[in-house]
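Reminder, nothing fancy here: chain letters follow the sequence lines and each chain counts from 1.
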Number of protein chains: 2
Amino acid sequence: MKNRLEEIRKQRGLRQEELAEALLVSRQTVGSLENGRYNPSILLAFKIARYFGMCIEDIFIYEEEN
Amino acid sequence: MKNRLEEIRKQRGLRQEELAEALLVSRQTVGSLENGRYNPSILLAFKIARYFGMCIEDIFIYEEEN
DNA sequence: AAAAAATGTAAAGCATACTTGACATTTATA
DNA sequence: TATAAATGTCAAGTATGCTTTACATTTTTT
């Protein structure tokens, strides 16, 4: 799965740490998502989508993996 | 998080086991999601949404948890 | 009512999401 | 150029998603 997290975060002029605070997760979690080290839980995906006022599908791009 | 999985599965006339096969997960996983024992990973949520031709937000209902 | 099919659910194990802490590297500012 | 700010990344630990096995309960069919 790919995502547009870094792109969207930068559009809004946020640092990783600020986004992490807003989402109540660690800075490393945000960095790990941006760099594709792992995927978010569905709860975190919802939090992110809601925070940015977008829907999950517009931020996270599913592409027939496995 | 709530979900409309059981409702949608029954609308389509599927058994838990059939849905599980289509999603490549176990029958217990489908049952556990329907009964709220745990939430799907975001990959499974995408698979489910894509299988039903719906978007994640129409199947899984996020409600400010934690 | 009896048998079969579908669903509920628990335990133990493995995989992955997320944490904190620490330190290295890159980017921006003085 | 030197310093600070932001980001990258690793390791070890905890929590949760998902598996298989197994058995109980409910629902459907005969």
Side-chain angles (χ1 to χ4, degrees):
Chain A
M1 211 186 51
K2 293 185 178 174
N3 70 70
R4 306 201 301 127
L5 217 58
E6 181 174 13
E7 172 195 350
I8 298 167
R9 174 179 61 81
K10 287 184 173 170
Q11 277 177 3
R12 319 264 169 142
L14 293 169
R15 280 173 287 128
Q16 287 186 347
E17 195 167 16
E18 290 173 320
L19 178 55
E21 274 176 27
L23 299 171
L24 301 177
V25 297
S26 68
R27 174 184 70 83
Q28 287 86 336
T29 292
V30 171
S32 293
L33 296 178
E34 288 191 356
N35 290 304
R37 272 188 291 279
Y38 50 71
N39 297 323
S41 69
I42 194 172
L43 288 181
L44 181 50
F46 263 112
K47 274 193 200 175
I48 292 169
R50 187 153 299 190
Y51 180 75
F52 286 132
M54 303 173 70
C55 75
I56 289 180
E57 276 89 348
D58 290 336
I59 303 176
F60 299 96
I61 316 302
Y62 177 69
E63 24 179 34
E64 303 305 301
E65 38 240 287
N66 291 342
Chain B
M1 210 185 52
K2 292 185 178 174
N3 71 70
R4 305 200 301 127
L5 217 58
E6 180 174 13
E7 171 194 350
I8 297 167
R9 173 178 61 80
K10 287 184 173 171
Q11 277 176 3
R12 317 263 169 142
L14 293 167
R15 280 173 287 130
Q16 288 186 347
E17 196 166 16
E18 289 173 319
L19 178 56
E21 273 175 29
L23 299 171
L24 302 176
V25 297
S26 68
R27 173 183 71 84
Q28 287 84 339
T29 291
V30 171
S32 293
L33 296 178
E34 288 191 355
N35 290 305
R37 273 188 291 279
Y38 50 71
N39 296 322
S41 69
I42 193 172
L43 288 181
L44 181 49
F46 264 111
K47 274 193 200 174
I48 292 169
R50 186 152 302 190
Y51 179 75
F52 287 132
M54 303 174 70
C55 74
I56 290 180
E57 276 89 347
D58 289 336
I59 302 176
F60 298 96
I61 315 302
Y62 177 69
E63 23 179 36
E64 304 305 299
E65 37 241 288
N66 292 340

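For the OP1/OP2 pair of dC18(C) and a distance below 4.0 Å, the side-chain nitrogens and oxygens of S26(A) include no atom meeting the criterion.
Sorted by residue number, the members of residues 6-24 of chain B with any non-hydrogen atom under 4.0 Å from DNA chain D read L24(B). DNA chain C lies under 4.0 Å from at least one heavy atom of each of the following residues of residues 31-38 of chain A: Y38(A). Within residues 54-61 of chain B, no residue approaches DNA chain D, by heavy-atom distance under 4.0 Å.
Pairs of residues two or more places apart, or lying in two chains, that qualify as ring-ring contact (aromatic ring centres under 6.0 Å, His included) and include a residue from residues 7-47 of chain A are F46(A)-Y62(B).
Taken together through direct or relayed side-chain contacts under 4.5 Å among Ile, Leu, Val, Met, Phe, Trp and Tyr, I61(B) and L33(B) form parts of separate hydrophobic clusters.
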Given the rule in the side-chain contact (heavy atoms from CB on, under 4.5 Å) test, do E57(B) and E57(A) qualify, once you have shown the distances and angles that lead to the verdict? CA-CA 9 Å; E57(B) 276 89 347; E57(A) 276 89 348; 3.0 Å; yes
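The side chain to side chain contact (heavy atoms under 4.5 Å, CB included) test with V30(B) is passed by exactly one of L44(B), L14(B), N35(B), V25(B): V25(B).
If you measure from atom CG of N39(A) to atom P of dA15(C), you get 17 Å, rounded to the nearest angstrom.
Counting heavy atoms from C-beta outward, I42(A) and I56(B) have side chains that approach closer than 4.5 Å.
Toward the 5′ end of DNA chain D lies the nearest nucleotide of S41(B), the other residue of the pair S41(B) and Q28(B) mapping further downstream.
In this structure, the helix from dA1(C)-dT30(D) to dA30(C)-dT1(D) shows an angle of 50° between the axis at its start and the axis at its end, each fitted on 5 base pairs and rounded to 10°.
Rounding to the nearest 0.5 Å places CZ of R4(B) at 4.5 Å from CE of M54(B).
When the shell of 6.0 Å around CD of E17(A) is examined, it contains 12 or fewer heavy atoms from other residues, nucleotides or ligands.
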Between the protein and nucleotides 23-28 of chain C, are there any N/O to N/O pairs under 3.5 Å, and if so, what are the atom names and distances?
none

